[in-house]
Amino acid sequence: MTTVPEALGERQLDVLREVGNIGAGTAATALSAMVGGPVDMGIPRVSLVPVEQVPEEVGGGEDVVAAVFLGVVGDAPGHMLVLMREASARALVDTLMGRAGGAVATGDAPFTEMELSALQEVGNVLASAYLGALSALTGLHVEPTPPAVGVDMAGALLGAALAEVAMLAPRALLIDSGFGAPGIGSLGEVLYMPTPDALDTVLRSLGLPA
């Protein structure tokens with residue numbers, strides 16, 4: 001079994017950052033079509049961190065977020081998370097449903113099943129676009145599993161996913177891309193966490209063995 005390296009070289013980080021950049025660009029285009037307006041993306045971050053530190057890396061374990069969790073299957077398996085701050089998720093739901101910011105946007109009402117389904121679809125579209133770009137760049141076959149969505153503190157939502165990651169390696173590679181849109185603000189982040197073997201496969205496909 002391949003192990004996660006202690007650290008990655010600058011060349012490897014640059015290439016993985018470019019993978020994140022291309023994946024995020026494709027995902028931003030898909031999200032722009034959904035919200036009917038421009039979507040900005042930040043500079044992707046690539047980090048190799050202890051699994052228990054992942055919640056802090058994505059903004060804090062006690063922050064309430066909407067999270068869409070997907071498995072990744074194929075040549076480079078792993079996990080994907082689409083994380084949105086609660087206020088951003090509520091604003092996004094209003095935008096997708098053509099509503100002005102109302103009860104949902106102010107947090108006075110819980111998310112309905114239809115609203116959670118809308119967030120789930122956003123996560124699915126973002127992850128599929130991201131993985132499609134990764135596949136085109138590397139020639140690897142990867143695709144997401146059906147998404148699951150939840151709204152809770154980030155630490156609680158990430159716990160189950162990270163427990164699975166921790167069984168494979170003590171450290172997780174995060175390729176983290178942020179999105180934002182006028183009137184909504186930050187739309188959240190997309191995280192790709194390949195397994196150790198998958199990281200090796202991705203790097204080798206790019207001519208950069210770990």
Problem - V68 and L126: CA distance, side-chain angles, deciding distance, side-chain contact (heavy atoms from CB on, under 4.5 Å) verdict - result: CA-CA 10 Å; V68 182; L126 285 174; over 6 Å; no
Handout entry: Value rounded to 0.5 Å, distance of CD in E121 from CG in N124
Key = 5.0 Å
Practice task
Write out all pairs satisfying side chain to side chain donor-acceptor pair (under 3.5 Å) with one or both partners inside residues 136-148, taking only residues at least two apart or from two chains.
Solution key: H141-E143
Fill in the blank from the handout: For L70 and G123, the nearest pair of non-hydrogen atoms, with its separation, is CD1-O, 4.2 Å
Practice task
Could you tell me the separation between the OH atom of Y192 and the CG atom of L199, rounded to the nearest 0.5 Å?
Solution key: 8.5 Å
Exercise for the section: Answer yes or no: is there an ion pair linking D14 with R17, defined by an N-O contact shorter than 4.0 Å? Expected result: yes
Practice task
Inspect the contact between R204 and D200 and indicate whether a charged nitrogen and a carboxylate oxygen are less than 4.0 angstrom apart.
Solution key: yes
Less than 3.5 Å apart, which donor and acceptor atoms pair up between the side chains of residues 23-41 and the rest of the protein, not counting sequence neighbours?
from	atom 1	to	atom 2	distance (Å)
T26	OG1	I22	O	3.1
T29	OG1	G25	O	3.1
S32	OG	G37	O	2.5

Handout entry: Set of residues satisfying side-chain contact (heavy atoms from CB on, under 4.5 Å) with respect to S135, sequence neighbours excluded
Key = V142
Exercise for the section: Would you name the heavy atoms of A89 and M84 that are closest together and state the gap between them? Expected result: CB-CB, 4.1 Å
Handout entry: Spacing of CG belonging to L137 relative to OG belonging to S205, to within rounding of 0.5 Å
Key = 7.5 Å
Handout entry: pair L131-P144: side-chain heavy atoms closer than 4.5 Å
Key = yes
Handout entry: Minimal non-hydrogen separation, F111 against R90, with atom names
Key = CZ-CG, 3.4 Å
Completion exercise
Contacts of D152 meeting salt bridge (Lys or Arg N to Asp or Glu O under 4.0 Å) (sequence neighbours excluded), chain-then-number -> none
Fill in the blank from the handout: Residues passing the side-chain contact (heavy atoms from CB on, under 4.5 Å) test with T201, sequence neighbours excluded, are L140
Problem - Partner set under salt bridge (Lys or Arg N to Asp or Glu O under 4.0 Å) for R45, not counting sequence neighbours - result: E57, D176
Problem - Donor-acceptor under 3.5 Å (S117 side chain, E113 main chain) - result: no
Problem - Considering all heavy atoms, the nearest A127-M80 contact - result: CB-SD, 3.9 Å
Handout entry: Cluster overlap V190 with V73, hydrophobic side-chain contacts below 4.5 Å
Key = no
Problem - Over all atoms of both residues, closest heavy-atom pair of E115 and V93 - result: CG-CG1, 3.3 Å
Exercise for the section: May I ask you to test the V65-V151 pair for a side-chain heavy-atom distance under 4.5 Å? Expected result: no
